[in-house]
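To keep things clear, I will list the structure first and then write my remarks on it.
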Amino acid sequence: MTIPTPPNPEFLRRAIALATRNVATGGGGPFAAVIARQGRIVAEGANTVTTCHDPTAHAEVNAIRQACKALGTFSLAGCQLYTSCQPCPMCLAACYWARLDTIYYGCSSEDAARAGFDDAFLFEEFRKDPSARALPATQLLGDEAWASFAAWMASAGKVEY
(Lines give C-alpha, C1' and ligand atoms only; values in the text may rest on other atoms or scores of the structure.)
Protein backbone atom coordinates (compact mmCIF):
# COMPACT_ATOMS: atom_id res chain seq x y z
CA MET A 1 0.00 0.00 0.00
CA THR A 2 1.32 3.43 -1.00
CA ILE A 3 1.10 6.23 1.55
CA PRO A 4 -0.24 9.34 -0.20
CA THR A 5 2.10 12.32 -0.34
CA PRO A 6 0.55 15.32 1.41
CA PRO A 7 -0.15 18.25 -0.93
CA ASN A 8 2.46 20.98 -1.19
CA PRO A 9 0.79 24.36 -1.84
CA GLU A 10 4.13 25.77 -3.04
CA PHE A 11 4.03 23.44 -6.03
CA LEU A 12 0.58 24.73 -6.95
CA ARG A 13 1.78 28.31 -6.47
CA ARG A 14 4.58 27.52 -8.93
CA ALA A 15 2.03 26.27 -11.49
CA ILE A 16 -0.08 29.40 -10.99
CA ALA A 17 2.98 31.64 -11.43
CA LEU A 18 3.96 29.77 -14.61
CA ALA A 19 0.42 30.16 -15.99
CA THR A 20 0.44 33.89 -15.33
CA ARG A 21 3.89 34.25 -16.86
CA ASN A 22 2.77 32.26 -19.90
CA VAL A 23 0.08 34.87 -20.56
CA ALA A 24 2.41 37.82 -19.91
CA THR A 25 5.09 36.51 -22.28
CA GLY A 26 2.68 35.51 -25.04
CA GLY A 27 3.53 31.84 -24.59
CA GLY A 28 -0.04 30.61 -24.81
CA GLY A 29 -3.11 30.13 -22.65
CA PRO A 30 -3.36 30.79 -18.90
CA PHE A 31 -2.53 27.24 -17.88
CA ALA A 32 0.54 25.59 -16.36
CA ALA A 33 1.36 22.42 -14.46
CA VAL A 34 4.15 20.87 -12.46
CA ILE A 35 4.76 17.25 -11.64
CA ALA A 36 6.34 16.36 -8.32
CA ARG A 37 7.81 13.17 -6.97
CA GLN A 38 9.20 12.55 -3.50
CA GLY A 39 8.82 16.18 -2.53
CA ARG A 40 10.53 17.77 -5.53
CA ILE A 41 9.42 19.08 -8.90
CA VAL A 42 10.55 16.81 -11.73
CA ALA A 43 8.85 18.63 -14.63
CA GLU A 44 6.94 21.75 -15.57
CA GLY A 45 4.74 22.58 -18.51
CA ALA A 46 2.75 25.51 -19.80
CA ASN A 47 0.07 25.72 -22.44
CA THR A 48 1.65 26.12 -25.89
CA VAL A 49 -1.36 25.37 -28.10
CA THR A 50 -1.20 28.60 -30.10
CA THR A 51 2.58 29.00 -30.19
CA CYS A 52 3.25 25.40 -31.26
CA HIS A 53 0.15 25.10 -33.44
CA ASP A 54 -0.68 21.91 -31.54
CA PRO A 55 -4.15 21.47 -30.03
CA THR A 56 -2.78 18.78 -27.68
CA ALA A 57 -0.06 21.03 -26.21
CA HIS A 58 -1.95 21.67 -22.99
CA ALA A 59 0.04 22.37 -19.84
CA GLU A 60 -0.67 18.99 -18.26
CA VAL A 61 0.26 17.06 -21.40
CA ASN A 62 3.46 19.08 -21.79
CA ALA A 63 4.36 18.45 -18.14
CA ILE A 64 3.61 14.73 -18.46
CA ARG A 65 5.85 14.50 -21.55
CA GLN A 66 8.68 16.31 -19.74
CA ALA A 67 8.32 14.19 -16.59
CA CYS A 68 8.38 10.94 -18.54
CA LYS A 69 11.46 12.09 -20.41
CA ALA A 70 13.21 13.24 -17.22
CA LEU A 71 12.40 10.02 -15.35
CA GLY A 72 12.95 7.71 -18.32
CA THR A 73 9.58 6.00 -18.03
CA PHE A 74 6.03 6.11 -19.37
CA SER A 75 4.53 5.52 -15.92
CA LEU A 76 4.36 8.40 -13.49
CA ALA A 77 3.17 6.27 -10.59
CA GLY A 78 4.46 7.89 -7.43
CA CYS A 79 4.04 11.39 -8.89
CA GLN A 80 1.56 14.17 -8.26
CA LEU A 81 0.26 16.75 -10.72
CA TYR A 82 -0.23 20.35 -9.61
CA THR A 83 -2.09 22.34 -12.23
CA SER A 84 -3.37 25.88 -12.34
CA CYS A 85 -6.80 24.68 -13.49
CA GLN A 86 -8.87 21.53 -13.29
CA PRO A 87 -7.81 19.32 -16.22
CA CYS A 88 -9.92 19.22 -19.37
CA PRO A 89 -11.14 15.80 -20.58
CA MET A 90 -8.04 15.23 -22.74
CA CYS A 91 -5.66 16.11 -19.93
CA LEU A 92 -7.60 14.09 -17.40
CA ALA A 93 -7.35 11.05 -19.66
CA ALA A 94 -3.61 11.68 -20.06
CA CYS A 95 -3.29 11.77 -16.25
CA TYR A 96 -4.94 8.37 -16.01
CA TRP A 97 -2.75 6.95 -18.80
CA ALA A 98 0.34 8.33 -17.03
CA ARG A 99 -0.81 6.67 -13.79
CA LEU A 100 -0.32 9.79 -11.69
CA ASP A 101 -1.12 9.30 -8.01
CA THR A 102 -2.97 12.57 -7.41
CA ILE A 103 -4.12 15.77 -9.09
CA TYR A 104 -4.20 19.09 -7.25
CA TYR A 105 -5.69 22.06 -9.10
CA GLY A 106 -6.31 25.76 -8.56
CA CYS A 107 -9.19 27.02 -10.70
CA SER A 108 -12.23 24.85 -11.38
CA SER A 109 -13.69 24.04 -14.78
CA GLU A 110 -16.43 26.55 -13.93
CA ASP A 111 -13.75 29.22 -13.43
CA ALA A 112 -12.27 28.29 -16.82
CA ALA A 113 -15.70 28.61 -18.44
CA ARG A 114 -16.06 32.09 -16.95
CA ALA A 115 -12.78 33.01 -18.66
CA GLY A 116 -13.95 31.62 -22.00
CA PHE A 117 -12.55 28.07 -21.77
CA ASP A 118 -15.66 25.92 -21.57
CA ASP A 119 -15.07 22.17 -21.51
CA ALA A 120 -18.71 21.38 -20.69
CA PHE A 121 -19.38 20.74 -24.39
CA LEU A 122 -16.79 17.94 -24.41
CA PHE A 123 -18.12 16.32 -21.26
CA GLU A 124 -21.62 16.36 -22.80
CA GLU A 125 -20.35 14.95 -26.11
CA PHE A 126 -18.65 12.01 -24.41
CA ARG A 127 -21.97 10.94 -22.87
CA LYS A 128 -23.54 10.60 -26.31
CA ASP A 129 -23.44 7.58 -28.58
CA PRO A 130 -20.48 8.03 -30.97
CA SER A 131 -22.81 8.30 -33.97
CA ALA A 132 -24.74 11.19 -32.34
CA ARG A 133 -21.76 13.39 -31.56
CA ALA A 134 -20.89 16.63 -33.33
CA LEU A 135 -17.84 14.72 -34.60
CA PRO A 136 -19.37 11.39 -35.63
CA ALA A 137 -17.32 8.21 -35.36
CA THR A 138 -18.10 5.06 -37.35
CA GLN A 139 -16.28 1.75 -37.05
CA LEU A 140 -14.90 0.33 -40.29
CA LEU A 141 -12.86 -2.81 -41.01
CA GLY A 142 -13.05 -4.07 -37.43
CA ASP A 143 -12.09 -7.62 -38.38
CA GLU A 144 -9.08 -6.45 -40.39
CA ALA A 145 -8.04 -4.02 -37.70
CA TRP A 146 -8.04 -6.82 -35.12
CA ALA A 147 -4.85 -8.16 -36.76
CA SER A 148 -2.76 -5.54 -34.94
CA PHE A 149 -4.23 -6.59 -31.58
CA ALA A 150 -3.65 -10.24 -32.40
CA ALA A 151 -0.02 -9.44 -33.24
CA TRP A 152 0.31 -7.58 -29.92
CA MET A 153 -1.16 -10.45 -27.95
CA ALA A 154 1.22 -12.93 -29.63
CA SER A 155 4.31 -10.73 -29.31
CA ALA A 156 6.94 -12.02 -26.90
CA GLY A 157 8.65 -8.61 -26.85
CA LYS A 158 5.69 -6.45 -25.90
CA VAL A 159 5.98 -4.04 -23.00
CA GLU A 160 2.74 -4.02 -21.02
CA TYR A 161 1.32 -0.64 -20.07
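More than 12 heavy-atom neighbours from other residues, nucleotides or ligands sit within 6.0 angstrom of NZ on K128.
Pairs engaging residues 27-44 under the side chain to side chain donor-acceptor pair (under 3.5 Å) rule: R14-E44 [sequence neighbours left out].
T20 contributes a side-chain N or O that, together with a main-chain N or O of I16, makes up a donor-acceptor pair within less than 3.5 Å. Listed for the N22 side chain is a donor-acceptor partner under 3.5 Å among the backbone atoms of N47.
Between F149 and W152, the distance separating the two ring centers is not shorter than 6.0 angstrom.
Using a 4.5 Å heavy-atom cutoff, the side chains of N8 and Y82 are in contact. By the 4.5 Å heavy-atom criterion applied to side chains, P89 and D119 are counted as neighbours. Taking the side chain as every heavy atom from C-beta outward, F74 and V159 approach each other to under 4.5 Å.
There is a path of hydrophobic side-chain contacts, each under 4.5 Å, that joins I103 to L76. I35 and L92 fall within a single hydrophobic cluster, where Ile, Leu, Val, Met, Phe, Trp and Tyr are joined by side-chain heavy atoms under 4.5 Å apart, directly or via other members.
Checked against side chain to side chain contact (heavy atoms under 4.5 Å, CB included), A113 has the following partners two or more places apart in sequence or in another chain: D118. In this structure, the side chain to side chain contact (heavy atoms under 4.5 Å, CB included) partners of A134, at least two apart in sequence or on a different chain, are F121, E125. Every residue two or more places apart in sequence or in another chain was checked for a salt bridge (Lys or Arg N to Asp or Glu O under 4.0 Å) with R99, and none qualifies. Every residue meeting the side chain to side chain contact (heavy atoms under 4.5 Å, CB included) condition with D54, not counting sequence neighbours, appears here in chain and number order: C52, T56, A57, R65. Shown here are the side chain to side chain contact (heavy atoms under 4.5 Å, CB included) partners of C91, two or more places apart in sequence or in another chain: H58, E60, V61, P87, C88.
Between R13 and E10, at least one side-chain nitrogen of the basic residue sits less than 4.0 Å from a carboxylate oxygen of the acidic one, meeting the salt-bridge criterion.
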Item to complete: Could you walk me through whether F117 and F31 pass the ring pair (Phe, Tyr, Trp, His ring centres under 6.0 Å) test, one step at a time?
Response: CA-CA 11 Å; F117 299 93; F31 305 97; 4.9 Å; yes

